[in-house]
Structure formats: structure tokens, C-alpha cells
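Reckoned from all heavy atoms, side chains included, excluding hydrogens, waters and symmetry mates. Small disclaimer: the values here were computed from a predicted structure and weren't measured.
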Amino acid sequence: MSFEERRTWIEALVTLVVPGFYFASVLPQAWTTPVTDIAYQWPLGVSVVVLVVTIVGGIVATNIATLVGAEISAARERGDAAPRGAADAALRTLDRRDERDATIGRRGGQVGGVVLGIAVLVPLGLAMAEREHFWIANALYAALVVSSLASSAVKLVAYRRGL
């Protein structure tokens with residue numbers, strides 16, 4: 001399993017767990033409490049921050065890993081002392097990032113963008129219907145989650161079945 005595929009699995013897992021916990025803890029209150037009285041802002045903010053940090057952190061980690069892999073490869077070509085053991089295994093994993101990973105990443109990003117563009121129509125409709133902020137905010141968050149899950153699903157299918 002490549003580094004990119006592992007990162008995609010982690011993003012998908014976090015995208016399922018964090019919003020799942022948020023929605024399971026906040027949405028049931030809407031059945032018994034007026035939505036204007038539900039304190040959803042902090043849990044929603046924390047949930048969004050965790051998702052964004054996970055996604056951005058994965059991108060940063062991928063870029064750092066790619067740079068480290070390139071530097072180690074360059075050192076080997078120059079004949080410098082090369083790392084052995086676990087570092088060799090890590091380098092082999094990093095060296096596998098190729099055009100296929102980039103294509104899969106692009107395709108997943110494109111699908112995620114299309115899904116987000118369509119899903120955002122729901123909160124837009126809620127805003128035009130002048131619904132409570134609670135529903136608009138949660139619909140926006142759900143659009144972000146569905147987009148991220150769609151992107152991850154496309155990537156994982158592409159890694160397993162090919163392009």
C-alpha cells in the first residue's frame with residue numbers, strides 16, 4: 001500500500017469518525033429542543049478544525065515525505081552514506097509516488113469538488129428560505145463531509161481497481 005493510499009484511508013476514517021460523533025451528539029437535540037437553543041457552534045467549530053487540520057496535515061506530510069525521499073535519493077546518487085533498515089523501507093514507500101498517484105489525486109479532487117458544488121445548493125436553499133442558522137450551518141458541514149468522503153472513495157477505488 002502506497003503512502004498516498006494510506007493517507008487517503010486515514011482521511012476517510014477521520015472524515016467518518018469526527019462528523020459522525022458531532023452529528024450523533026448534536027442532531028438528536030433538535031427533536032427535543034428548539035434549534036435556536038442548541039449550542040452547536042463550539043462542537044461544529046472543533047469538528048471542522050479537526051477535519052481541516054487532518055486534510056492539510058496529510059498534504060503537508062506528503063510534501064515533506066516527498067522532499068525527504070528526493071533528498072535521500074540524491075544522496076545515494078552522489079554516493080553519500082545511505083540510510084539502512086527502517087529508513088530504506090520508508091524510502092521505498094516514498095519512491096513509489098508517481099504519475100498514477102497524481103492522477104488519482106486529481107480525479108478524487110475533481111469528484112470532491114463537483115459533489116461539494118452540488119451539495120452546497122442545499123444550504124443555499126435553506127438560506128433563501130430563511131431557515132435557522134443551525135440548519136444552514138449543519139447543511140454546509142454535511143456538504144463538506146460528503147465531498148471529502150466522495151473524494152476519498154474515488155481515490156480508494158482507483159487504488160484498488162486501477163484507473
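Between Ile55 and Ser148 there is a side-chain heavy-atom pair separated by less than 4.5 Å. Under the 4.5 Å side-chain criterion, counting only non-hydrogen atoms from C-beta, Tyr40 is not in contact with Gln29.
Each of Phe21 and Val18 belongs to its own hydrophobic cluster when Ile, Leu, Val, Met, Phe, Trp and Tyr are linked at side-chain heavy-atom distances under 4.5 angstrom. Transitive grouping of hydrophobic side chains (ILVMFWY, heavy atoms separated by less than 4.5 Å) brings Leu51 and Phe23 into a common cluster. Hydrophobic clustering, with ILVMFWY side chains joined whenever heavy atoms are under 4.5 angstrom apart, keeps Val157 apart from Val115. Val111 and Trp9 fall into different hydrophobic clusters, where Ile, Leu, Val, Met, Phe, Trp and Tyr are joined by side-chain heavy atoms under 4.5 Å apart, directly or via other members. In the hydrophobic clustering of ILVMFWY residues, with side-chain heavy atoms under 4.5 Å counting as a link, Val49 and Val60 come out apart.
Remark: Ser151 engages no residue in a side-chain hydrogen bond (donor to acceptor under 3.5 Å, both in side chains) (not counting sequence neighbours).
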If you look only at distance, which donor and acceptor atoms sit under 3.5 Å apart when one is on a side chain in residues 126-145 and the other is two or more places apart or in another chain?
{"from": "Asn138", "atom 1": "OD1", "to": "Tyr22", "atom 2": "OH", "distance (Å)": "2.7"}
{"from": "Asn138", "atom 1": "ND2", "to": "Phe134", "atom 2": "O", "distance (Å)": "2.7"}
{"from": "Tyr141", "atom 1": "OH", "to": "Ser47", "atom 2": "OG", "distance (Å)": "2.2"}

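Rounded to the nearest 0.5 Å, atoms CD1 (Ile118) and OG (Ser147) are 10.5 Å apart. We find the CG-CZ distance between Asp101 and Arg106 to be 11.0 Å, quoted to the nearest 0.5 Å. Going from atom CG of Leu149 over to atom CD of Glu11 covers 10.5 Å, rounded to the nearest 0.5 Å. A distance of 10.5 Å separates OG1 of Thr32 from CG of Asp37, quoted to the nearest 0.5 Å.
Residues Gly117 and Leu121 approach most closely at O-CG, 3.9 Å, considering heavy atoms.
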